[in-house]
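Here the structure comes first, spelled out in structure tokens, and everything after it is commentary.
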Protein chains: 2
Amino acid sequence: MTAHDPDIERRLEAFAETCRRRGLKLTHQRTEVFRELTAGAEHPDAETIYRRVSRRIPSISRDTVYRTLATLEEHGLVRRAEMLAGSARFDANMDRHHHFVCNRCGRVYDFYSEAFDEIALPRALSDLGRIELCHVQLRGICADCARAEH
Amino acid sequence: MTAHDPDIERRLEAFAETCRRRGLKLTHQRTEVFRELTAGAEHPDAETIYRRVSRRIPSISRDTVYRTLATLEEHGLVRRAEMLAGSARFDANMDRHHHFVCNRCGRVYDFYSEAFDEIALPRALSDLGRIELCHVQLRGICADCARAEH
DNA sequence: CTTCTAAATCGTAATGATTCTGATTTAGGA
DNA sequence: TCCTAAATCAGAATCATTACGATTTAGAAG
């Protein structure tokens, strides 16, 4: 996770490319918000991203962070993880994956599952409307918190 | 859905019984909040419940509605449906079911699916922690809104 | 390299949802 | 009927997010 991680450089290049293709201006702020998300595997909330990017761009405003996250989500560059309470959590890992949220500490863990990816939607659903997104969310107590309980 | 719907009476009796068993005081406010949820199939948010119950108990406070919903959820009497944005939505239907949320109007539709109920969790998950809840949420455009678009 | 303009940003105020506080009331047991 | 912990009330406070009006800037065009 150094300043010159080739993986991150590559993702930033892909990010720049997508922005260009979509007609999104490639601003310093946008790049730094995206870098913050693509650098780590945590799922920080908007406030955390704001705090971290502020160290590099002291003048950035919360509004920009919120708007940028919404824009990136619209263009499929980041994902928003729903929480039962509190703030939304973001993620630049766009591979098909699912989330396990700890009810105690709130951490969001990624996991992969073909069964979940391929789950068949009940036919009756087409009466309800057009499905755009299927989202499985697991909740429970993560191993760390379970250990801490004893 | 009349004032004396026998089904609702039965559910209110079960509610009273659960409260007694759990040592929860059976207050007028609690009963009316629960009645509001068990009477309809919509998924009102806290503010809506507050507004409706206020007609019968003008002195009820928002705080009571919020606290009551949290208490009922804790005791397995209502479910909270997560929303991508906006306010949480509640539901007294405790049968195993899933939600389809319309991205346009925000309505929450219930549906049933054995495939979803019985979905196998990946084995690797047990390393992450203890799963307590598996929740499939679909998003899209409901039939009503799709019609309105044309 | 300069000019132009729509898009993006900034700082702050406003909003909406929810929770907290401290005083008061009440359900249900003794 | 009395007592007490639990629940309620009204309103202030907090937290997350969005809106607003003024200013700046990325990137296209000349």
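Per chain, numbering begins at 1; letters A, B, ... match sequence-line order.
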Review point. Looking only at side-chain N and O atoms, does A:Thr64 come under 4.0 Å of OP1 or OP2 in C:dC10?
Key: yes

When rounded to whole Å, the CZ to C1' distance for the pair A:Phe90 and D:dT17 reads 10 Å

Can a side chain N or O of B:Thr27 be found less than 4.0 Å away from OP1 or OP2 on C:dA27?
no

Would you say that more than 12 heavy atoms from the other residues, nucleotides or ligands in this model lie under 6.0 Å from the CZ of B:Arg96, or not? yes

Assign each of B:Ala70 and B:Lys25 the nucleotide of DNA chain C bearing its closest heavy atom; nearer the 5' end lies the nucleotide of B:Ala70

Could you check whether any side-chain N or O of A:Arg80 sits under 3.5 Å from a backbone N or O of A:Ala88, counting only pairs where one atom can act as donor and the other as acceptor? no

Here the distance between atom P of C:dT18 and atom CD1 of B:Ile49, to the nearest Å, is 10 Å

**Q.** Distance below 4.0 Å between A:Ser59 side-chain N/O and C:dG11 OP1 or OP2
**A.** no

Comparing nearest nucleotides in DNA chain D, the 5'-proximal residue of the pair A:Ala46, A:Arg67 is A:Ala46

Note: B:Phe111 and B:Ser113 closest approach over all heavy atoms is CE1-CB, 4.1 Å

Taken to the nearest whole Å, CG/B:Leu69 to C1'/D:dT8 is 15 Å

Rounded to whole Å, the CD-C1' distance (B:Gln29 to D:dC9) equals 9 Å

Whichever of A:Leu24 and A:Arg62 has the more 5' nearest nucleotide on DNA chain D, that residue is A:Arg62

Indicate, with a heavy-atom threshold strictly under 4.0 Å, whether B:Arg30 touches base, sugar-phosphate, or nothing.
sugar-phosphate

In whole angstroms, the gap separating P of D:dA7 from CD of B:Glu32 amounts to 17 Å

Taken to the nearest whole Å, CG/A:Asp63 to P/C:dT15 is 16 Å

Separation of D:dT8 atom P from B:His28 atom NE2, nearest Å, is 11 Å

Between NE2 of B:His75 and C1' of D:dA7 the distance, given in whole Å, is 14 Å

For C:dT18, does OP1 or OP2 lie under 4.0 Å from any side-chain N or O of B:Tyr66?
yes

**Item:** Sugar-phosphate only, base, or nothing, as touched by B:Asp45 at under 4.0 Å among non-hydrogen atoms
**Value:** nothing

Can you tell me if B:His99 and B:Arg89 form a side-chain donor-acceptor pair at under 3.5 Å? no

Check: A:Thr64/A:Arg67 side-chain N/O donor and acceptor closer than 3.5 Å: yes

